[in-house]
Amino acid sequence: MTPLAYILAAQAADPEVIDRIPSGFSAFVLPFTIGVAFMFSWIGVGLIRLLAAIPKSDRIKFAKSLFIPKTALKNIKDLFCDCLFHTKIWQRKPLLGYMHSAIAFGWFMIIILGHIEVALFVPARLNVARGGLFYPIFYRYFVWMNPGHTTLRGAFFFFLMDFFLLYILSGIALAIFKRFRSIVLGMRHTTKPSLADRVALYSLWLIFPLRLLAESFTADLSGGSFLTVPVNHFWHFLFGDKLWFMPCWWAYSICLGLFFAAMPFSRYMHILTEVLWILLRNAGVEPHHPRKGVAEAEIYACSSCGLCLDACPMNVQKKNLKYSSVYFIRFLRRHNEKKINAIADKCLMCDKCHALCPVGVNAPSLRRAQRATVNNALPYDYSYLSTVGATATSASTLGRATASLRSAPPLASQSEAPVPPLTVPRVAWVAPAKVLPEATNKVLYFAGCMTHLTPRIIKSVEKVFKTAGVDYVFADRDGGICCGRPLMLAGKTEAAAAVIEANKKMIEESGCDTLVLSCPICYKIFKEEYHLEGIKVVHYTQFINDLIISGKLPVQETDRKLVYHDPCELGRGCGVYYEPRAALKRCGTLVKASKEYDESICCGGSLGSLTLDTKDRSKISEASLDSLLANDPQTIVTACPLCLKTFSEAVSNSKNRDINVTVKDFAEVVCP
Amino acid sequence: MIYEGKQKIWSDYQKDIPDDHYFYVRSCIRQSFFPASEATFLDITRNRLGKDIFETEHHTTCGGIAYHSDTIPQETVMTIIARQFALMAKNGYENYVCSCITSFGLYCETMETWREFPELEAKIRENLWKSCKLEFAKPKFLIHASDLIYKYRNQIAAQAVRKLVNVHTGEPLRVVEHIGCHYSKMFPSKGVGGAEYPYVLVGMIEAWGGEIVDYPERRHCCGFGFRQYFIKGNRGYSLSNTHKKFESMEPFKPDLIITNCPGCPYFLDRWQYVIAESTGKTYGQDGHGIPALTYEEVAGLVMGYDPWDLGLQTHQVSVEPLLDKMGVEYDPAKKYLGKNGKDLGAPAPCACLK
Amino acid sequence: MKNNILIIGGGPAGLEASAQLQRMGYNVILIEKSPKLGGHLAKWDRLFPDSVPADEVLGSLLRGAEGVKCFTDTDVRAINRLDKSYNVRLTNGITVLSDAVLVASGFDLFDAVKKEEYGYGIYDQVMTNADLEAYFKTGSDPRIEHPGRIGFAHCVGSRDEKAGCRSCSKVCCATAVKQAIEVKQAFPKAEVYCFYMDLRLFGRHYEDIYLKAQKEYGVRFIRGRVAEVSENYDGTLLVKAEDTVAGKPLKVTLDLLVLMAGMRPSASGKAIGDLLEMQVEEDGYFAVRGGIAAGQRSPIPGIFLAGAATGPKTLPETLADARAAAMEVDRYLTEIFPDAKNYKQLVKERW
Amino acid sequence: MVDFGFTLVPSSRINLDLFDKEKYEELVSMEPDVRICMACGSCTAVCTAGKFVHTSLREAMEDIFNAKTDNALESLRACQLCGKCAMVCPRGINTRHLIMSITKVYSKK
């Protein structure tokens, strides 16, 4: 191989490439130039508008982040992995990943290499005034190879250019194929393209075949490699020496122009906005509005790839496809208020689309922001909550459940207390069972609203505590108030804050140091929004797993085949996948569900959806159940009262009479 | 409204009303509110129709007001009633006619109770003997005074000098009938025409040439109700009751209300004044009220009695527009003259009610 | 020898029993007092819960009973009990010697006029369930002209001791729900209210039509008995009830009120029962022997009962009852009746 | 006007003639489940907020039908949208959305 130093030296000696057209211009470049100029000005204006819409603090945060080495490194990594290589897609659907990276990375490389070639051989042409905008793109048209002077260096670039062109063409071929048979690439549903999408799409399909045509027609003049040269010979063989290459270059330029002109209105906008979104995301700037400011970058970063279509549990029914995140974002872009609201309200907020999104668009969060625009202003009156924290001033007023008291029936006064009218606040919401000295270093158990409708969870959790000798206080034995997450999900952010405030006061004043929650809905909000200083917030699966590891809770291994269902709020919501499985593995044989971890299918009972009806929900439950039953488990284990109730009903209502599976709560299985 | 349907019901609710020989008992309230009505009843039946209507100064209240105000027990009221009946028997009568609806209802209730619980009757018999040394008796026929006028309606029509007709238009007067609650609501079979479509007053109006109007709240209480009226704090309920009736009858534009109960003409009359003076609303023509008359007053007008002899000046709602419509001649100057011709003085004029 | 069996009443019970007994080879004589067979079924338009046309059901009943000797416009004039059989003189002059008599005299609809406060026959815009069915059949009724608000008053002559009928008539709730739906179908813009005390929708699919009425037709169900009806100046009705769920009195102006008249024992059935000195229970329906376990035998040997003669029944229940009665008749005529020597003893033991 | 020391008492009677059909249709189009309540009262019985103050979805629906929409809003003001009612509703009514829809439709005057 020729050393690089030699190649560089040779360039000065004898020109390898001669600028064929002295003006460096030909009329055919116009469509491309206009298209690309339009696109850049559109983006430029958009960028300024977007940055102007972001609060100043966020702007500063963003600017600073670009210079923080850690963030900068992450930026580079994410840009390469997410924008060019599409590693996230590779991981899940290799063929689809190949397709995307072929087009993205291939095209990126062609552009880069084109510029390098110009820089090496006709550096003057990089100047924008001398055609820098289009020259590198149409390099092969403008230059003439000096026969006999082709260096290895030149050949190397010829090779690379042909290689990446072929790479792209393979990706395009797959893309065209996918349009008709998407399932082969691992997609059951694909996005319905809009008009601009179609224009851009068909242009995109044509761009690279046309480039091949154009370059191969000129390959005998401007050089080529393993792809373009043989094709050139073929053309000569076919048409003789009279090759009319101009129409090809025109077509190539027109397609490029069309593509870039349509780009701002199409899904392909993501190619550029994705970059901005990744930078903003990594800077930690969060959207406050579903459409304005950062959200604009986020919604334009969506590539409409449609991976969320298959991810969405609602899409077991085709009629619900229209509620998928991709369409939500499309309507956000189009400002279609009515449709936006309908779609925002339907979502189960299971977060799967977010987890699976190649660019990490957080659609559920946008939907929540959208709900807030409508629902946050709805009137409410929580004046009765003002007394909740005040009366629960110390653990002494909390319903304390010691082992001796646990079996005692509730006091008559607790259950029969008359309901006062709205204006008269209730004295205490946690009825006193026994006055105990100040509790420190103690566990506070908060069951939550839903757990009260699944008493077997409470019973099992208390049994676990008793067996493991945990000294705990049952905060809402006699019922409590809501954690605020359902309000949050409904977009009633302010109302949620009021509820959070009341609960927070009660918990902080209880003197506990660990808060155990059996409901993932509660867990998520306690963890993320409560900011409880000095109090460890854990889900009972984590707490119980610790008890097992530390030997405090003995478990008995059985030969039962268990399958674990990841509740949305616990798994994707809080990233708790490991602990429940670790504990369950000690209790039986844990088999796999066909979709699990972050691909787990929502049970259908989610509080996230505001408008999904019972029928649609049961269809989702069925699909989720099917996934869980893939490996014939005897018991479905879940760690959420909603999932427990939903699956119990789904199993008993199932049309499949062969189902022979019981549904159990995590604590029930661990401590039977 | 299907008239034949009502006729069928009326034919189902007929009661036996003897033609003559009655023991008459007065109403406590009417003697104060509309004393001329009872006088007219006696004059029509005795002098115009030549009937034997006996009255004794020894009879007392029936005890109904105290009973319904929860101040005396049932046995007491029954003994009072037994005494009245005994007076009737002592004077050789077996037909009992009372002027008051509350009394009528109470007599019916008592007789039914005695029928269902003979031991109670025995006890009352004993009470009566112990307290008054009177022989226990029960009337053969228990009749309300309006039943009797209903019975004589055609005889009265025969002697009538005018009809219930607007003399200017020739159209029959539009009359609203209002039955006292205790007339037939407790025992529909004891009233002429039953409780839903009572015929006792309708029969009179039809016989005397008027047209009856049926309005949605016709069954509703006039608003009297002892407890509601006696206590000032509750009086708003009484007023609201009456108000509801007037709101309901208003679209039918009645010329006249005919009643058969002591309290009803009083409350339907006086509350029109209160409603007018406190809200400004009036229900008759041109800011007048709707006159609420007793059946005796209406009978008297038809038979040509002088309106002031009938006591029409004791009504709050002015009767002059009605008298004009009927073509009754009257002397406005004599309206507030006492029986002895002495001027009693005209009341202060109302602000809203003409 | 073919036994003669007299069946009194040509409604669904009589027809079904005739068909069954004829198939068993008996000589069946069916009498019907009115000119037409079918009883109330012949006057009804559609049937709950699935709205099948009544004519269709009646048609199949009539086809089943083809070949049965049938006298319409005929009543019983006199009945004499012989040793085992009955000598029945009919009003058409014919005398039948019958070995068994099946009384399928059915029911009368409660005479809604008796509920005076509802004003049936007095207010122009009050009708009964039967009137509404007639409207559906003929398409004309002067009371129905694009009504905007329609009310259904449940329990008219049912669960009403003062009206002399303590029991539930069983079929009116489902009928009201059915008719409410049908009225909504005929007048989609109308508002429909059902005033009920309890919704007794016990049968199969009944709850479905209730849900359908609410969900698809927006029928408003108000828990509270209609207490009072009056006529407004414009001829509309002022209806009062208590919304017992809200705990408040309620009024509404309606253009049409449909009274769900309940089932009463048949008056002409009672007359025949008197001829036979048949026992009647407090509710007015014929007493049966053997209580709930054997509901088709009267206390008198050879006299059987079927259908609504022994209390309110739905149509399927009536038909099942008629089939059961046919079995009972057959058992009697094969096991007890032929044994002349031991007849009295057998009756004592097995009737 | 004369003050007699007593006056007309407002009626507590429900007047269905005042029922606002248009608004109700708006509500139905938003959440059709409002039609299918059978007044069992489960929602009220489990209500989290109902432990402290008078709150009842069942009553709110009744109030809407009975043209007392202000009462309906009053009955729902304390709701925390926790969803317990949705869990227990035998007819599967989408209670949370219904509550929000009622608030949406009837709080705009």
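In what follows, chains are A, B, ... by sequence order, proteins preceding strands, each numbered from 1.
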Among the options A:V374, A:V499, A:T614, A:N375, pick out the one with the most heavy-atom pairs lying under 4.5 Å from chain D. A:N375
Of the non-hydrogen atoms in [X] and [Y], which two are nearest, and what is the gap between them?
X      : Y      : result
D:M100 : A:L378 : O-CD1, 4.0 Å
A:A490 : D:L81  : CB-CD1, 3.7 Å
A:Y382 : D:A78  : CE2-O, 3.4 Å
A:C482 : D:T48  : N-CG2, 3.8 Å

Can you confirm whether [X] sits close enough to [Y] that some side-chain heavy atom of one is under 4.5 Å from a side-chain heavy atom of the other?
X      : Y      : value
D:Q80  : A:L385 : yes
A:P379 : D:R77  : no
A:I481 : D:F52  : yes
A:T611 : D:M30  : no

Mark yes when over 12 heavy atoms from residues, nucleotides or ligands other than [X] sit less than 6.0 Å from its [atom1]; otherwise mark no.
X      : atom1 : value
D:K23  : NZ    : yes
A:K615 : NZ    : no
D:K104 : NZ    : yes
A:K338 : NZ    : no
A:K339 : NZ    : no

For the atom pair [atom1] ([X]) and [atom2] ([Y]), what is the distance rounded to the nearest 0.5 Å?
X      : Y      : atom1 : atom2 : result
D:C82  : A:M450 : SG    : CE    : 5.5 Å
A:D381 : D:T55  : CG    : OG1   : 9.5 Å
D:R96  : A:L610 : CZ    : CG    : 6.0 Å

Before you tell me yes or no, could you show the steps for D:K51 and A:D478 under side chain to side chain contact (heavy atoms under 4.5 Å, CB included), namely the whole-Å CA-CA distance, both residues' side-chain angles and the distance that decides it to 0.1 Å? CA-CA 10 Å; D:K51 202 170 138 51; A:D478 191 33; 3.3 Å; yes
Would you mind checking which part of [X] comes under 4.5 Å of any heavy atom in chain D, side chain (CB onward), backbone (N, CA, C, O), both or neither?
X      : value
A:I521 : neither
A:D613 : neither
A:K492 : side chain
A:S609 : backbone

Report which part of D:A86 has an atom under 4.5 Å of a heavy atom belonging to chain A: side chain, backbone, both, or neither. neither
